[in-house]
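Report on the following structure.
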Amino acid sequence: MYNKIYDFCKVRNLGDVYDNSDIEPTPRVKFLMELLDSEGIKYELDKSHSLRRNITIYNIILRGTSDKMVVAHHDVNNHNIDNANDNSCSCINAIMVKKLRPEINVILLDGEEFGGIGSQKASEQINDGEFGDIKWVLNLELTGKGGDNFFIGNYPGVLHDHIKSLFDCPIVNTPFNDSVIFRQNGIDSCVINPIPVLPDGKESPVIYREKYLDYSMLFNCHNSRDNIASIDPADMKEFVEKVVLKIIDEA
């Protein structure tokens with residue numbers, strides 16, 4: 001599954017979210033639907049229209065029975081690049097979480113790059129009880145490189161404290177992401193982001209387990225540096241199976 005990232009990064013949308021706003025899902029959404037079909041994973045394509053923005057969005061819902069949810073956004077800011085780390089890898093990782101823990105609710109969100117439109121729709125559904133009683137939402141962002149070296153956003157709550165107690169990981173003030181929208185709607189959510197260890201002799205603002213992490217990876221977003229060569233399926237596997245599953249299983 002993790003190697004599907006190579007195929008996903010070849011898929012290009014037609015333009016930004018407005019250029020793709022018609023009756024058909026975007027090419028990236030179609031790829032994800034076909035991937036889910038090939039894996040035998042049931043999903044719902046949740047199409048909705050934002051009157052305020054005059055765009056159509058497509059959330060892909062993989063329902064579960066637990067009180068936990070994992071999300072990752074599938075939309076892109078720059079359709080001319082691979083968008084490998086932001087956020088194609090996280091979509092593949094979220095699907096893998098669903099394969100390994102079928103009881104988990106997973107949503108592949110649209111519209112993060114344009115103000116969190118998809119997470120707003122999902123928030124409304126959560127608060128309406130459509131997923132039962134959701135305890136927290138773990139948001140996967142930029143999860144293509146770093147493995148079990150990671151930080152979480154500074155979003156205090158049950159999930160934040162749970163992750164911190166398991167790993168004693170760094171806490172970082174992050175830019176906008178879907179967790180902001182969930183939290184605005186009264187839903188406990190935290191963003192998680194692996195980044196690789198820097199070579200000896202180099203330093204960064206983020207230290208984990210006495211090692212400096214390559215914070216510069218975050219500045220690859222939306223430009224040609226966010227390419228398939230910048231991530232690693234082996235790191236994706238390590239992140240999912242050593243970090244995300246532990247967060248779920250020991251909650």
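Basis for what follows: all heavy atoms, side chains included, without hydrogens, waters or symmetry-related copies.
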Requested in this report: Return the minimal non-hydrogen interatomic distance between Met33 and Pro25, and the atom names on each side.
Outcome: SD-CG, 4.4 Å
Report summary line: Residues Ile41 and Lys98: closest non-hydrogen pair is CG2-CG, 4.1 Å
Query raised in the report: If we only count heavy atoms from C-beta on, is the Val244 to Leu138 side-chain gap below 4.5 Å?
Result: yes
**Report entry** Side chains of Ile104 and Ile248 in contact at under 4.5 Å (non-hydrogen atoms)
**Finding:** yes
**Report entry** SG-CG distance between Cys89 and Leu140, expressed to the nearest 0.5 angstrom
**Finding:** 9.0 Å
Query raised in the report: Is Asp200 salt-bridged to Lys211, going by a charged N under 4.0 Å from an acidic O?
Result: no
Query raised in the report: Side chains of Asn85 and Asp226: is there a donor and an acceptor less than 3.5 Å apart?
Result: no
Requested in this report: Give, for atom CG of Leu166 and atom NZ of Lys164, the distance between the pair rounded to the nearest 0.5 Å.
Outcome: 11.5 Å
Query raised in the report: Under 3.5 Å, is there a donor-acceptor pair between the side chain of Ser189 and the main chain of Phe182?
Result: no
Report task. Examine Tyr43 and Met96 and state if one hydrophobic cluster contains both, with Ile, Leu, Val, Met, Phe, Trp and Tyr joined whenever side-chain heavy atoms are less than 4.5 Å apart. Result -> yes
Query - Main-chain N/O of Ile187 paired to Asn185 side chain as donor or acceptor, under 3.5 Å - result: no
Query raised in the report: Linking I/L/V/M/F/W/Y whenever any side-chain heavy atoms sit under 4.5 Å apart, do Val240 and Ile60 land together?
Result: yes
**Report entry** side-chain hydrogen bond (donor to acceptor under 3.5 Å, both in side chains) between Asn87 and Glu112, worked out
**Finding:** CA-CA 10 Å; Asn87 197 33; Glu112 188 269 354; over 6 Å; no
**Report entry** Ile107-Leu32 co-clustered via ILVMFWY side chain contacts under 4.5 Å
**Finding:** no
Report task. Any chance you could lay out the side chain to side chain contact (heavy atoms under 4.5 Å, CB included) test for Lys68 and Ile134, step after step, and finish with the verdict? Result -> CA-CA 6 Å; Lys68 306 172 188 71; Ile134 294 297; over 6 Å; no
Query raised in the report: If we only count heavy atoms from C-beta on, is the Glu241 to Tyr2 side-chain gap below 4.5 Å?
Result: yes
Report task. Starting at CG of Leu109, measure out to NZ of Lys121 and round the result to the nearest 0.5 Å. Result -> 11.0 Å
Query raised in the report: Is the backbone of Ile55 close enough, under 3.5 Å, to the side chain of His49 for a donor and an acceptor to pair up by distance?
Result: yes
Report task. Search all heavy atoms of Tyr58 against all heavy atoms of Glu24 and return the closest pair with its distance. Result -> OH-O, 3.0 Å
Requested in this report: Would you check, one step at a time, whether the test side chain to side chain contact (heavy atoms under 4.5 Å, CB included) holds for Ile95 with Leu36?
Outcome: CA-CA 8 Å; Ile95 293 172; Leu36 291 166; 4.0 Å; yes
Query raised in the report: Under the side chain to side chain contact (heavy atoms under 4.5 Å, CB included) criterion, do Ile126 and Val137 qualify, and how do the steps go?
Result: CA-CA 10 Å; Ile126 291 171; Val137 178; 4.1 Å; yes
Report task. Spell out, yes or no, whether Leu100 and Ile92 are grouped together once hydrophobic residues are joined by side-chain heavy atoms under 4.5 Å, including indirect joins. Result -> yes
Report summary line: Nearest heavy-atom contact between Ile231 and Met236 is CD1-SD, 4.3 Å
Requested in this report: Please assess Ile195 against Tyr208 for the test side chain to side chain contact (heavy atoms under 4.5 Å, CB included), listing each intermediate value before the final yes or no.
Outcome: CA-CA 10 Å; Ile195 46 178; Tyr208 184 31; over 6 Å; no
Query raised in the report: Does a side-chain heavy-atom distance below 4.5 Å link Asp46 with Ile57?
Result: no
Report task. Taking the six-membered ring of Phe219 (Phe, Tyr or Trp), confirm whether the NZ or CZ of Arg225 is under 6.0 Å from its centre and within 45° of its axis. Result -> no
Query raised in the report: Cluster question for you: counting only ILVMFWY and a side-chain heavy-atom cut-off of under 4.5 Å, with indirect links fine, are Val191 and Phe239 together?
Result: no
Query raised in the report: Which distance, rounded to the nearest 0.5 Å, do you find between the CE of Met69 and the CG of Leu62?
Result: 10.0 Å
Query raised in the report: Less than 4.0 Å between a side-chain N and a carboxylate O, is that true for Arg209 and Asp148?
Result: yes
Report task. For the pair Asp249 (side chain) and Lys246 (backbone), establish whether a donor and an acceptor sit closer than 3.5 Å, ignoring hydrogens and angles. Result -> no
**Report entry** Side-chain donor-acceptor pair present, Asn177, His73, cut-off under 3.5 Å
**Finding:** no
Query raised in the report: Which heavy atom of Leu142 sits nearest a heavy atom of Cys221, and at what distance?
Result: CD2-SG, 3.7 Å
Requested in this report: Check step by step if ring-ring contact (aromatic ring centres under 6.0 Å, His included) holds for Phe167 and Phe150.
Outcome: CA-CA 9 Å; Phe167 297 98; Phe150 68 94; 5.1 Å; yes
Query raised in the report: Is Asp188 salt-bridged to Lys135, going by a charged N under 4.0 Å from an acidic O?
Result: no
Query raised in the report: Within a strict 4.5 Å, meaning less than it, do heavy atoms of the Lys42 and Arg63 side chains meet?
Result: no
**Report entry** Inter-residue atom distance Asp86.CG - Ser90.OG, 0.5 Å rounding
**Finding:** 8.0 Å
Requested in this report: For the pair Ser88 and Asn83, evaluate side-chain hydrogen bond (donor to acceptor under 3.5 Å, both in side chains) and give the outcome as yes or no after the intermediate values.
Outcome: CA-CA 6 Å; Ser88 300; Asn83 293 287; 6.0 Å; no
Report task. Could you grab the distance from atom CD of Glu250 to atom CG of Leu245, nearest 0.5 Å is fine? Result -> 10.5 Å
Requested in this report: Would you verify whether the NZ or CZ of Arg183 falls within 45 degrees of the ring axis of Tyr155 while also being under 6.0 Å from that six-membered ring's centre?
Outcome: no
Query raised in the report: Are the side chain of Asn59 and the backbone N or O of Asp110 linked by a donor-acceptor pair below 3.5 Å?
Result: yes
Requested in this report: Decide yes or no for Gln125 and Ile61: does some side-chain heavy atom of the first lie under 4.5 Å from some side-chain heavy atom of the second?
Outcome: yes
Requested in this report: For Tyr215 and Glu203, run side-chain hydrogen bond (donor to acceptor under 3.5 Å, both in side chains): C-alpha distance rounded to whole Å, both residues' side-chain angles, the deciding distance at 0.1 Å, then the answer.
Outcome: CA-CA 9 Å; Tyr215 193 69; Glu203 299 183 358; over 6 Å; no
**Report entry** Check: Leu108 and Val29 side chains under 4.5 Å, non-hydrogen atoms
**Finding:** no
**Report entry** Asp82 side-chain N/O to Ile228 backbone N/O, donor-acceptor pair under 3.5 Å
**Finding:** yes
Report summary line: In short, Asn13 meets Arg28 closest at the heavy-atom pair OD1-N, 3.2 Å
Query raised in the report: Hey, does the side chain of Asp75 reach the backbone of Glu113 with a donor-acceptor pair shorter than 3.5 angstrom?
Result: yes
Report task. Give a yes or no on whether the backbone of Glu130 and the side-chain of Asp128 come within a donor-acceptor separation of less than 3.5 Å. Result -> no
Query raised in the report: With a 4.5 Å limit on heavy-atom distance, are the side chains of Val206 and Val172 in contact?
Result: yes
Query - Whether Asp235 side chain and Gly146 backbone form a donor-acceptor pair below 3.5 Å - result: yes
